[in-house]
Every structure is written in C-alpha cells, then in structure tokens.
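Here the structure is a predicted model, which means the values were calculated and not measured.
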Amino acid sequence: MVSVNSLVNKKAIFQQGLFKQVALAITTMMLLVISCFIPPSYALFVSPPKDPMPFIQAQFPDATAISDKTPTLVGGYPIWTVRKNDEILGYAFETNDIAKIPAYSGEPVNMLVAIDPQGTYLTAKVLEHHEPIILAGIPESKLWAFTEQYAGLSVRDRLKVGGNKNENYVAIDGLSGATVTVMVMNVGITKAAKKVAQALAIIEKSNGIIQPISTIKTELFTDASWTQLTGDGSIRKLYLDRNAVDNSFAGTAAEHVDEASADEKQDMFAEIYYTLIDIPTIGKNLFSAADYQWLTDPLKPGEHLIGVFGNGYSFKGSGYVRGGIFDRIQIHQQDNAISFRDLQHERVTDIFIAGAPQFQEMSVFKIEAHHEFDPGAEWAFELLVRRQTGPVDSLFNSFKGQYDMLEKYVDTPPEIMPEPELSLTQQVWQDKNVEVVVLIALLVVLLLILFFQDVLVRHPKFMHNLRHGFLVVTVVLIGWSWGGQLSIVNVFTFLQALMHDFSWDLFLLDPIIFILWCAAAVTMLLWGRAVYCGWLCPFGALQELVNVFGRFIKLPQLELPYAVHERLWAIKYLILLALFGISLDSLAMAEQFSEIEPFKTTFLLKFDREWPFIAWASLMILTSLVNRKTFCRYLCPLGAALSVPSKLSLFQWLKRRSECGQPCKTCAKECEIQAIQPNGVINMRECHYCLDCQVTYFNEEKCPPLKKLARKKRKISDEQIIAITNTE
C-alpha cells in the first residue's frame with residue numbers, strides 16, 4: 001500500500017523535473033531567436049543607401065558627360081542629363097525627389113530611374129528602403145528582378161502590378177509576399193517618370209479622351225470624275241509658286257539661291273495632289289478596278305496607301321536615287337511623322353480617271369501598321385524644299401497641306417472617356433474585393449457565434465466542430481492565402497504615424513490587415529483581446545489545430561503547475577517592452593527583433609527563408625503538439641499589446657457561478673491555456689475565448705454544481721412520487 005506522503009513527494013519531484021524541462025525549452029527558444037540576429041551571411045541589418053552614380057555609369061558606358069543633378073525648367077524636377085558628346089543618351093532621377101510615396105513601413109522606397117530621350121525606361125534600381133518584409137525575408141535579388149521588368153517599357157504605358165494585359169494597362173509581375181511594397185514602387189516609378197517626361201516635352205499631358213481608330217467603308221463605292229473628287233476634298237492639292245518659296249528663305253543664307261526673277265515670281269514651283277488610295281471611291285476611280293485590287297490586296301490590317309501626284313519640284317528628291325529614301329515628303333498625324341523608303345513605294349505610270357491632268361511624277365506610298373495611322377482623323381502632307389548653300393551645307397523649309405477625311409468614307413467610333421485613374425489605395429481595394437467580401441462574411445459569422453454563444457455551447461459536438469472549422473478557414477484563407485497575420489510591427493508603425501504625419505492611406509494599402517485591425521479593435525473594446533487571439537489569429541489557430549491533432553494521436557500533454565505558468569506570462573510583456581523601447585530609437589531595428597514572432601516565416605514567406613527562422617517557427621508549431629499555444633501564452637508580444645486595454649472591455653459574457661473556484665475547479669482544470677485562476681476567476685488578459693468553459697458551464701453531465709442541482713431535483717421528484725403513492 002503506497003502512503004499518501006509518498007504520492008505527494010513523487011508529485012513534487014515530478015513538478016520540479018517538469019519545471020526544469022520547461023525552463024530549458026524556453027531558454028533554447030530564446031537562444032534560437034537571438035541567433036537569428038547575429039550577423040552572418042544572412043544579416044538583417046539595414047544596408048546603407050546606395051550611391052546612384054555607379055548605376056548611372058553602368059547604364060551609360062558610352063557617356064562622356066553626366067551633369068550635376070539639375071532642376072528641369074518646367075516643374076523643377078532634379079535630374080541628371082547623360083550625354084555622349086553633344087548627343088543626349090538619357091535622363092536619370094530619384095523617385096524620392098519627385099514622387100515620394102510612403103510604402104508599408106511608412107517610409108518611401110527610393111529608386112533610381114533612367115529613361116531615354118524617347119521616353120523608354122532604361123533601368124530602375126532600388127537605392128534605399130525600410131520595408132520589413134524585404135529587410136528580413138525576401139532576397140534582394142528578387143527585388144532587382146522586379147525592377148528589371150521596366151527596361152524597354154514606355155512612360156506612355158499605364159503599368160499595373162499583376163493581372164492580365166488589356167487595352168488600358170500593361171501588366172508586370174508582382175513579388176510574392178511583398179505585393180503592397182511593389183505596388184507602391186510601381187506608382188513611384190511611373191508617376192516620377194511621367195512628370196519628368198512631361199517636363200522635358202517627351203510626352204504631352206493627355207486630356208484623357210481616347211479616340212478609337214476609324215475603319216474604311218470597303219463596301220462603299222461611287223463613280224466620280226477627277227473634278228468631283230477634287231471638288232469635294234477627296235483629293236487635296238498643295239500649290240506653291242516661286243514667290244512663296246523665295247519668301248520662305250528670306251533672311252537666311254539661302255535667300256538668293258535659285259531665286260526667281262521678277263517675271264518668274266508667279267510661276268508654279270510645285271503642284272502636288274495627295275489622297276488616301278485605299279478608300280474604294282477614290283482608289284477605284286483613279287485606277288482601274290484590277291489595279292486597285294492589285295495595290296490593296298497585299299495590305300495587312302492597319303496598313304494604308306497614300307497617293308501622291310506632282311508637277312514641278314520633284315517630291316521624290318535625290319535621296320531616293322542615292323539610298324532609297326524619300327527625304328522631301330512626310331505624312332504628319334498628331335505626334336506621328338511618317339517617312340518613306342523604297343520598300344514602301346510603288347511607281348505609277350498612268351491613271352484612268354476622267355479629267356485628270358498630266359503629271360511628271362506619280363507614286364503610291366504604303367503607311368505601315370506600326371505607325372497606327374487613323375484614316376478617319378485629319379493628317380497633313382509635308383513637302384520639304386531644300387536649297388544648297390555650300391558643297392555640304394544646305395537649308396530647307398517645309399510646306400504643309402491639310403487633309404480632312406470626309407465622314408462618308410469611314411466609320412468613326414465615338415470617343416471613349418476613360419474612368420479617372422484610380423489611386424493606389426483604390427486599386428488595391430478593387431483588386432482585393434473578393435477577399436474583402438469573404439473576410440467580412442467570416443467576421444459576420446464570428447459575431448453571430450459570439451452573440452448566440454449561450455445557445456451554441458449547449459450543443460458541445462456542434463460547437464467544437466464549428467470552432468475547428470472556423471480555425472481551419474483562419475489558417476488557410478486569412479493566413480496562407482491572404483497573408484492576413486497581424487504583427488507587433490503594425491502596432492509600432494501606427495504609433496510612429498501618430499507621432500509624425502498620420503495618413504490613413506498608409507494603413508489602407510493592405511485591405512486584409514486593415515479589416516483585421518478594425519475587427520481586433522472592435523472586439524477588444526467589446527470583449528477584450530480574447531476574440532482576435534482565439535479566432536482570427538492565423539498562427540494561434542494553427543497552434544490550436546496542431547494541439548488538437550496531438551491529442552487525437554494521444555500524445556502526452558505537458559501542463560505546467562499554475563504557479564510556474566503564471567510567472568511565464570510575464571515573458572511576453574518583457575518582450576513587448578523591449579521591442580517598444582527599441583522602436584522609439586529605430587523602427588527598422590524593432591522590425592528586425594520582432595522576428596521573435598514566427599508569423600512572417602509561416603504565412604508570408606511560407607518557410608522560404610534561412611534555416612534559423614524555419615527552425616524557430618517549426619519549434620513553436622511542434623511544441624503545440626504537447627502544450628496548447630505555447631507561443632501565444634508566453635512569448636507573443638502582439639498578444640501582450642492587445643491585452644493591455646482588456647480592462648476596458650464593455651461586456652463580460654463568460655458566465656461563472658459562486659461555486660466556481662471553491663469548491664469546484666472543473667473549468668480551471670479543463671482550460672487548456674490555464675486562463676482560469678485557482679479562485680475560479682477568468683483572467684481576460686490570458687483568455688482566448690475558446691468557450692470550452694461555457695460548454696462545461698451548461699453541461700449537466702460535467703458541471704458539478706449542475707450535477708448537484710440535478711440530484712436535488714431528482715430527489716425531490718422521487719420524494720413527491722413516493723408521497724403521492726403513499727397517499728393513494
């Protein structure tokens with residue numbers, strides 16, 4: 001027979017050994033965390049800002065001069081101008097000088113951007129950032145791979161991170177785990193580049209109206225004579241006399257070169273007719289139907305034919321003979337200046353339309369599709385007149401003739417007034433609208449659970465299944481799919497914003513995090529920290545599900561004596577105070593040491609990082625197999641921060657009886673995170689609102705006071721039955 005004293009001594013020895021094991025485990029955990037911050041090859045300390053000049057020199061190896069950073073005449077944007085002798089190779093600038101947009105850390109990402117004189121992006125390099133997700137997690141090589149996508153794109157493009165390319169946007173690949181950061185970077189790059197391009201007159205400010213390209217009515221044909229086509233403007237004429245040409249060179253070195261005499265001033269210098277040949281009424285009347293077909297059959301979509309017929313000054317010029325270049329004519333449409341070579345030229349020997357004059361030169365020129373020529377929009381024919389002033393030197397003047405397309409020949413779609421460009425915040429919320437709706441629906445379900453908890457806990461099996469299902473959704477959707485894990489870094493960022501220039505835009509950049517913070521704030525005010533930590537925290541939910549699995553496979557559970565457990569609570573508050581003190585000096589440093597939270601490793605980076613982080617996160621998860629929510633109970637600085645205002649909660653819906661704690665300790669023993677004190681009071685700073693105690697509270701089979709009451713009721717009922725029987 002074993003004595004009572006012997007049992008007590010064995011229990012004390014077991015508890016002492018258990019305490020030593022726990023102390024050793026916690027010490028090991030802390031050493032692993034500290035090892036993460038010792039600076040080996042994967043050091044986390046912020047690198048100093050990079051000097052932009054080496055990047056500029058590497059991008060422009062042929063440059064002979066790089067100017068100082070000089071403000072543009074329009075807008076005053078500081079830029080470097082890069083030259084090779086007298087030729088401008090490109091322009092470089094820093095985004096922080098032009099478009100300083102705060103990223104998720106509250107600080108902007110400063111980038112060097114280089115564009116060429118045509119507005120094409122040459123390079124984009126990150127010079128400085130303070131993003132915690134990149135400082136500790138994503139390799140810098142991935143960040144550089146993201147910025148390399150800009151090379152070859154145009155400042156005229158509307159660039160969007162993610163999604164598919166459409167008529168309004170050019171999609172570029174995002175960066176997994178840092179979506180908000182790269183979206184902010186994209187806005188900074190494109191906004192700064194457009195401002196610089198507009199200041200340098202590379203692009204014009206758009207009025208925002210989009211005019212779709214017209215299409216020619218290929219089935220429309222009407223017989224017409226030369227007189228009819230020139231009379232209604234289908235064929236236009238540019239006529240120059242010698243006096244007009246001489247006057248154009250007045251005051252120049254070519255003023256008296258080939259000058260006409262007084263008698264010749266009114267003579268014709270050039271008479272040129274021009275038109276769009278691929279319009280059936282024009283082309284088929286000018287040429288035979290067979291020739292028209294021969295000219296237009298090779299045309300690809302977007303290609304068009306210009307007919308030019310002239311007398312006097314040759315529109316072909318000597319350049320055509322020497323190198324196949326027509327250097328005397330151009331077609332202008334808006335910003336497009338279209339020149340021609342021999343490959344786009346067909347010589348015409350005759351035209352068959354009635355009433356046409358004789359011409360010395362007749363040609364058809366093809367406008368290729370890449371010019372995006374609009375047959376329905378106005379265009380101009382330009383003739384360049386050149387006068388030689390020396391063996392090599394020459395001067396030229398240009399003369400233009402306008403062409404306005406007749407409405408009857410084309411179908412012109414109505415103008416499109418695009419919707420105003422969304423702000424970055426609006427774009428993010430629009431892209432995340434499905435996730436936002438689903439998350440709000442989950443929060444509504446959670447509120448219903450809380451409001452009807454007294455009904456639900458009366459059905460233990462359904463309640464447990466409902467809770468476990470909700471936790472699975474929290475881990476899979478909120479955690480791994482959406483990256484919706486709150487962090488102590490968010491608290492420090494909010495405090496920093498309050499102390500400096502507060503802006504809601506900074507917090508609205510991540511809709512999931514913003515909604516979760518709103519939910520945490522509301523539930524904290526109503527019920528304390530318990531609701532977020534017990535239902536909405538992905539890492540907490542993961543730990544709890546792992547513990548459920550550990551119990552299912554019947555692993556022995558390691559439960560600490562209450563006295564030990566109560567003292568270990570203090571660790572998370574000490575960690576919180578230490579991180580808060582560091583954040584007052586350096587938010588970046590606090591972000592690094594906040595890696596004691598394994599959240600980023602688990603959900604944002606999905607264990608794709610250096611081994612110490614993986615080891616720490618794995619240890620915290622695996623510990624939950626034998627001890628429920630170890631990290632949450634003893635080490636979580638976020639949980640400590642959320643528990644500080646718990647006394648302000650408005651409602652206390654967790655019911656207790658006078659017998660709770662003395663003599664009944666059933667709930668205290670069953671509370672797997674030991675949030676119920678020996679006296680029966682629930683410590684709301686530590687409670688995770690699992691509702692297990694409420695299941696017991698309403699269960700007549702488990703709650704001793706209810707069982708006692710049930711026995712009394714049965715006894716009274718039995719006595720009444722006996723009394724009735726005796727009376728009979």
Side-chain angles (χ1 to χ4, degrees), residues 28-50 102-110 126-144 175-178 180-182 184-185 483 485-497 499-500 506 509-510 513 539 571-620 631 634-641:
T28 304
M29 294 175 195
M30 298 302 292
L31 287 174
L32 274 171
V33 176
I34 295 170
S35 72
C36 293
F37 303 101
I38 299 175
S41 59
Y42 45 82
L44 303 178
F45 296 102
V46 184
S47 57
K50 298 178 179 66
Y104 196 66
S105 65
E107 295 292 332
V109 178
N110 189 29
V126 176
L127 299 178
E128 183 181 7
H129 72 84
H130 301 275
E131 295 300 273
I133 187 64
I134 298 169
L135 291 173
I138 294 179
E140 195 173 44
S141 59
K142 291 188 178 182
L143 193 63
W144 283 46
L175 185 55
S176 179
V180 173
T181 298
V182 295
V184 172
M185 289 169 59
Q485 173 69 65
L486 302 187
S487 167
I488 192 63
V489 174
N490 303 131
V491 177
F492 296 152
T493 302
F494 182 76
L495 294 176
Q496 289 283 337
M499 291 187 288
H500 298 92
L506 174 62
L509 284 174
D510 193 325
I513 296 296
F539 194 78
I571 296 176
K572 62 177 176 285
Y573 295 99
L574 294 175
I575 294 172
L576 172 64
L577 289 174
L579 291 175
F580 177 68
I582 295 171
S583 73
L584 295 178
D585 179 63
S586 170
L587 182 60
M589 188 67 69
E591 289 166 354
Q592 294 164 27
F593 281 100
S594 68
E595 284 293 334
I596 193 172
E597 297 177 327
F599 307 156
K600 187 188 303 179
T601 301
T602 306
F603 296 109
L604 296 183
L605 301 178
K606 299 178 178 64
F607 296 94
D608 182 16
R609 64 188 314 193
E610 294 86 357
W611 73 265
F613 299 100
I614 297 174
W616 174 244
S618 300
L619 177 64
M620 290 294 95
F631 177 80
Y634 306 129
L635 299 174
C636 182
L638 176 64

Give, for atom [atom1] of [X] and atom [atom2] of [Y], the distance between the pair rounded to the nearest 0.5 Å.
X: F492; Y: L576; atom1: CZ; atom2: CG; result: 6.0 Å
X: I614; Y: W616; atom1: CD1; atom2: CH2; result: 15.0 Å
X: F539; Y: C636; atom1: CZ; atom2: SG; result: 9.0 Å

Take the angle between the ring planes of F599 and F631 and call it parallel below 30°, perpendicular above 60°, tilted in between.
perpendicular

Mind listing the closest non-hydrogen atom pair of [X] and [Y] along with its distance?
X: A617; Y: T601; answer: CB-CG2, 4.0 Å
X: L579; Y: A590; answer: O-CB, 3.9 Å
X: L486; Y: L638; answer: O-CD2, 3.5 Å
X: K572; Y: L635; answer: CB-C, 3.7 Å

Within a radius of less than 6.0 Å around OH of Y573, do more than 12 heavy atoms belonging to other residues, nucleotides or ligands occur?
yes

Polar side-chain atom of [X] near backbone of [Y] as donor-acceptor pair, under 3.5 Å:
X: D585; Y: I582; answer: no
X: S618; Y: A615; answer: no
X: E597; Y: I488; answer: yes

Checking side chain to side chain contact (heavy atoms under 4.5 Å, CB included) between V489 and each of E595, K600, Q592, E591, which is the one that passes?
E591

Working note: M185 + V126, criterion side-chain contact (heavy atoms from CB on, under 4.5 Å); need CA distance, chi angles, decisive distance, verdict.
CA-CA 9 Å; M185 289 169 59; V126 176; 3.8 Å; yes

Going by heavy atoms in the side chains, are L495 and S583 under 4.5 Å from each other?
no

